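Just so we're clear, the structure is a prediction, and the values are computed from it rather than from any experiment. For the single chain, residues carry numbers from 1 onward in sequence order.
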Amino acid sequence: MNKVPRSRRVQKAAPKRVAPKGNNGLKHRREKRRMAADAPKDSPRTYRPEELLSPPKLLSRFTERATDLLAALPEEGRPTQAALTAALRQAVLEAFRSREEYLARMVEVDLLAGAPHQSAGSLRKGIRAALLDQGVRCVDAPEGEHELFVVVEGEGEAFEVLRPAYVDQATGKLVLSGQLRRLPGPGGGADSDAADEATDGEGM
């Protein structure tokens, strides 16, 4: 049998391997759900609402609901549709504006807390400055403002400040009452005199 020279031999190409078809999207979603279920309960999660907040959508819903409620009122005492829509629109816009300001302050506090080489003192000072920018005054001692503090524990004539008081300067209202602890020993002058007039009981 005559041998065919190697240069003239016909080389057969190997058949291509076809990857099996499958639902990779479903597999990915199952894996994602499994990982979410295995995650610790105290781990940080990303908040993904079913529907994003939208002023026009909220206004439309509020207006529809308010119209239904006002339909039960006597016609002579019922506000006009234009007045109702204007009032609701103003309320929705103010609510969104307040939310934006609040989130901006929270972001500033987070950036401040995460700054490198940040000492506890400088962090506290930065947070106090952010509060003051928002009109919140921190009262660290009860002198002259004893009504902002409550005595929560202890016995004796001396006092120790456990928590400062926080006051909204725009309204004059108390945001969070300060807390004092009674200590054994003689009173400490002005501190003790002012604290004696503080309220006994739980603070806000």
Side-chain donor-acceptor pair present, Ser119, Ser122, cut-off under 3.5 Å: yes
Closer than 3.5 angstrom, by distance alone: can the side chain of Ser98 be matched with the main-chain N or O of Glu94 as a donor-acceptor pair? yes
List the residues meeting side chain to side chain contact (heavy atoms under 4.5 Å, CB included) with Gln134, not counting sequence neighbours, and say none if there are none. Arg105
Rounded distance (nearest 0.5 Å) linking atom CZ of Phe159 with atom CG of Leu183: 8.5 Å
Contact summary for Arg163 and Phe149, nearest pair of heavy atoms: O-CE2, 3.7 Å
Indicate the atoms forming the closest heavy-atom contact of Gly178 with Ala165, along with that distance. N-CB, 3.4 Å
With a 4.5 Å cut-off on side-chain heavy atoms, are Pro164 and Val139 touching? no
Measuring from Arg137:CZ to Leu132:CG, what's the distance to the nearest 0.5 Å? 10.0 Å
Is the backbone N or O of Leu70 less than 3.5 Å from a side-chain atom of Arg78, with the two atoms forming a donor-acceptor pair by type? yes
Measuring from Leu58:CG to Thr63:OG1, what's the distance to the nearest 0.5 Å? 10.0 Å
Results of side chain to side chain contact (heavy atoms under 4.5 Å, CB included) for Pro55 - residues two or more places apart only: Val92, Phe96
So how far is it from Leu103 CG to Asp110 CG, rounded to the nearest 0.5 Å? 12.0 Å
Which residue in the set Arg182, Arg181, Gln179 passes side chain to side chain donor-acceptor pair (under 3.5 Å) when paired with Glu160? Arg181
Value rounded to 0.5 Å, distance of CG in Leu88 from CG in Leu59: 6.5 Å
Go through the steps to decide whether Leu180 and Val161 satisfy the test side-chain contact (heavy atoms from CB on, under 4.5 Å), and finish with yes or no. CA-CA 5 Å; Leu180 300 174; Val161 176; 3.6 Å; yes
Looking at side-chain heavy atoms only, is the closest gap between Leu112 and Leu123 below 4.5 Å? yes
Which one of Val136, Leu148, Val175 satisfies the side chain to side chain contact (heavy atoms under 4.5 Å, CB included) criterion with Val167? Leu148
Over 12 foreign heavy atoms within 6.0 Å of CD, Glu153: yes
Once you round to the nearest 0.5 Å, how far does CD of Glu145 lie from CG of Asp140? 10.5 Å
Salt bridge (Lys or Arg N to Asp or Glu O under 4.0 Å): pairs with one or both residues in residues 57-73, sequence neighbours excluded: Glu51-Lys57, Glu51-Arg61
